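Since we're looking at a predicted model, the values are computed, not measured.
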Amino acid sequence: MQALVSVNVLAYNHKPYLKGCIEAVLAQTYPNIELIVMDNNSSDGSAELVKEEFPSVTLLENGRNLGYSGGHNRAIRMSRSPYFMPLNPDVFLTPTFIEEMVNAAEQDDRIGAVSGKLLKIEFNEGQWIETGLLDSTGLVLRKNRKNYERGHGEPDDGRYSNEEFVFGAFGAAPLYKREMLEDVRIGDEYFDEDFFAYREEVDLAWRAQLRGWRSLYTPKAVAYHVRSYSPATRKQQPRFLRQLQFRNRYLLMFKNDSWRNVLRHAPYILGFEVLALGYVLLREPYLLWGYWDALRLLPKMMQKRRAIQSRKLVSDSYILEWFV
């Protein structure tokens, strides 16, 4: 019997994508999948669509929006499977996606996360429009502590065609081993619920790296991603989400970074901070809230930091190698 994979589709006003996303999960070649659809208090009829179109699928309705972190944490806690896959509703899996992800994960006991090849698509009136561009082949951290998706926006022309280790798995469709999730959780949180949305999978990846877990990219697992948030669409997003995206970079550093590595990369970090502050003051002053809220959360982050750093198994030099 192949290991059970729990897939949690987390929806918040994603009705246009939801049917196709669920159908793609139900069409997987992997034979042992538990599908959960969790609705984060949508107002667009997402939950009603699931009830009408997929009555046999487990639907959980939250009374309020728990964000990415809270929604997926709830599903992780209620599931008991060896593998857990958080899935964005604007991701459409090819039929062998989960099978290939599990095959990659089982290559080595220390592989705690797997990232597939996500291709960027546009979505119009229920139809995919392929762009020929990559969306993500795994997470990368720059020396200035900005994360980005490896390969994002580049042509899908055969590059990134080999399996290789990456810093972490992109949060739209990663596969996590339960053993790794339990090993890196802080209290009862797997994803940090103070993040709410954005960079929470980067935080999880960083904690996993500190514990000696590895993250593998496999090009054999292919999916298509609409991606509602990107540098190109950033200004179309609600201000609150942009504030979270800005703030959470600091929470990442507060919790996971080492003072030694910060000092080594001080020119990159300080250079970015000067440019970021100038941009905020001139273009988006409402992002100043991010500085304030990061400082407000600093005592809580330091408490989490002590728990993380006390269990660290790798050297600062090892982590330093992941910054580009």
Side-chain angles (χ1 to χ4, degrees), residues 3 69 72-73 76-77 80-86 101-102 104-115 137-148 150 163-171 174-195 199-218 248-266 268-269 297-324:
S69 299
H72 284 307
N73 279 348
I76 296 170
R77 293 181 195 119
R80 292 293 180 268
S81 56
Y83 290 101
F84 183 83
M85 177 178 287
M101 295 282 274
V102 173
E106 292 183 346
Q107 292 180 34
D108 190 296
D109 290 343
R110 294 309 295 172
I111 295 174
V114 180
S115 189
T137 62
L139 294 174
V140 178
L141 267 181
R142 291 194 172 105
K143 293 174 183 177
N144 61 12
R145 300 320 190 253
K146 281 280 287 184
N147 63 279
Y148 68 97
R150 197 176 67 135
E163 285 191 344
E164 53 189 309
F165 290 110
V166 293
F167 181 77
F170 176 42
L175 182 72
Y176 296 119
K177 280 182 180 172
R178 166 81 52 180
E179 184 182 359
M180 183 274 285
L181 291 173
E182 296 297 338
D183 186 51
V184 304
R185 68 182 169 91
I186 304 297
D188 65 347
E189 292 185 355
Y190 304 91
F191 294 105
D192 190 327
E193 295 184 17
D194 288 310
F195 281 56
R199 305 190 198 276
E200 58 281 288
E201 85 275 37
V202 187
D203 173 65
L204 179 63
W206 203 332
R207 282 184 278 135
Q209 287 284 356
L210 290 172
R211 288 288 295 164
W213 291 97
R214 308 202 75 185
S215 181
L216 184 68
Y217 160 71
T218 177
N248 288 351
R249 172 176 166 270
Y250 296 105
L251 303 190
L252 272 176
M253 295 172 65
F254 291 162
K255 290 174 61 180
N256 301 297
D257 221 338
S258 75
W259 299 115
R260 182 178 300 172
N261 286 350
V262 168
L263 289 174
R264 286 172 174 169
H265 289 160
Y268 301 96
I269 297 171
L297 288 169
L298 180 58
K300 194 173 184 181
M301 294 301 107
M302 290 298 101
Q303 184 177 3
K304 293 179 180 181
R305 176 186 176 83
R306 286 191 288 273
I308 293 166
Q309 299 299 322
S310 68
R311 302 180 66 243
K312 183 171 70 171
L313 294 177
V314 300
S315 67
D316 291 344
S317 297
Y318 172 78
I319 296 296
L320 196 70
E321 294 175 2
W322 286 108
F323 295 108
V324 299

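- Contact detail for Ser69 and Glu200: the closest heavy-atom pair is OG-CB, 3.4 Å.
- Rounded to the nearest 0.5 Å, atoms CG (Leu141) and CD (Gln209) are 9.5 Å apart.
- Counting heavy-atom neighbours within 6.0 Å of Gln303 CD, excluding the residue itself, gives a total of 12 or less.
- Two residues are said to be in side-chain contact when any heavy atoms from C-beta on lie closer than 4.5 Å; Leu210 and Leu313 fail this criterion.
- Annotation: side chain of Tyr83 is in contact with side chain of Lys177 (closest heavy-atom distance under 4.5 Å).
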Inset, instruction - Take Lys143 and Ile269 through the test side-chain contact (heavy atoms from CB on, under 4.5 Å) and record every step on the way to the result. - result: CA-CA 7 Å; Lys143 293 174 183 177; Ile269 297 171; over 6 Å; no
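- When the salt bridge (Lys or Arg N to Asp or Glu O under 4.0 Å) test is applied to Arg207, the partners found at least two apart in sequence or on another chain are Asp203.
- Not counting sequence neighbours, Phe254 has no partner by the ring-ring contact (aromatic ring centres under 6.0 Å, His included) test.
- For Asp108, the CG atom sits in a packed shell: over 12 heavy atoms of surrounding residues, nucleotides or ligands are nearer than 6.0 Å.
- Applying the side chain to side chain contact (heavy atoms under 4.5 Å, CB included) rule to Ser317 yields the partners Arg264, Ser315; only residues at least two apart in sequence or on another chain are considered.
- Because its NZ or CZ atom is both nearer than 6.0 Å to the ring centre of Trp259 and within 45° of the ring axis, Arg305 counts as a cation-pi partner of that residue.
- Looking at heavy atoms from C-beta onward, Asn256 lies in side-chain contact with Ile308 at the 4.5 angstrom threshold.
- Within the 4.5 Å cutoff, the side chain of Val202 has no heavy atoms near those of the Asn248 side chain.
- With rounding to the nearest 0.5 Å, the separation of CG in Leu320 from CG in Asp316 is 8.0 Å.
- Within the model, atoms CG of Leu298 and NZ of Lys300 stand 13.0 Å from one another, a figure rounded to the nearest 0.5 Å.
- Side chains of Thr137 and Val166 form no contact here, defined as non-hydrogen atoms less than 4.5 Å apart.
- In this view, Ala208 and Met180, Val184, Trp213 satisfy the side chain to side chain contact (heavy atoms under 4.5 Å, CB included) rule, not counting sequence neighbours.
- Legend: residues meeting side-chain hydrogen bond (donor to acceptor under 3.5 Å, both in side chains) with Glu179, ordered by chain and number and at least two apart, are absent.
- Looking at Arg211 and Lys312, their side chains never come closer than 4.5 Å, going by heavy atoms from C-beta outward.
- Leu139 has its side chain within reach of Glu201: a pair of non-hydrogen atoms, C-beta onward, lies under 4.5 Å apart.
- Rounded to the nearest 0.5 Å, atoms CG (Asn144) and CZ (Phe323) are 10.0 Å apart.
- Remark: Asp192 engages Lys255, Lys304 in a side-chain hydrogen bond (donor to acceptor under 3.5 Å, both in side chains) (not counting sequence neighbours).
- Ring planes of Trp206 and Phe167: perpendicular class, angle over 60° (limits at 30 and 60°).
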Inset, instruction - Determine, stepwise, if the pair Glu164 / Leu216 fulfils side-chain contact (heavy atoms from CB on, under 4.5 Å). - result: CA-CA 6 Å; Glu164 53 189 309; Leu216 184 68; 5.7 Å; no
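- Within 6.0 Å of atom CZ in Arg260, 12 or fewer heavy atoms from other residues, nucleotides or ligands are found, so the atom counts as exposed in its surroundings.
- Checked against salt bridge (Lys or Arg N to Asp or Glu O under 4.0 Å), Arg142 has no partners two or more places apart in sequence or in another chain.
- Partners of Arg249 according to the side-chain hydrogen bond (donor to acceptor under 3.5 Å, both in side chains) rule, which considers only residues two or more places apart in sequence or in another chain, are Glu273.
- For Gln309, the side-chain hydrogen bond (donor to acceptor under 3.5 Å, both in side chains) criterion is met by no residue, not counting sequence neighbours.
- When the side chain to side chain contact (heavy atoms under 4.5 Å, CB included) test is applied to Val140, the partners found at least two apart in sequence or on another chain are Tyr148, Arg150, Val324.
- In terms of the ring-ring contact (aromatic ring centres under 6.0 Å, His included) criterion, Phe165 has no residue partners (sequence neighbours excluded).
- When every heavy atom of Glu189 is checked against every heavy atom of Phe191, the shortest pair comes out as CB-O, 3.6 Å.
- Remark: Arg145 is not positioned above the aromatic ring of Tyr250, lacking an NZ or CZ atom under 6.0 angstrom from the ring centre and at most 45 degrees off the axis.
- Arg185 meets the side chain to side chain contact (heavy atoms under 4.5 Å, CB included) test with Glu182, Tyr190; sequence neighbours excluded.
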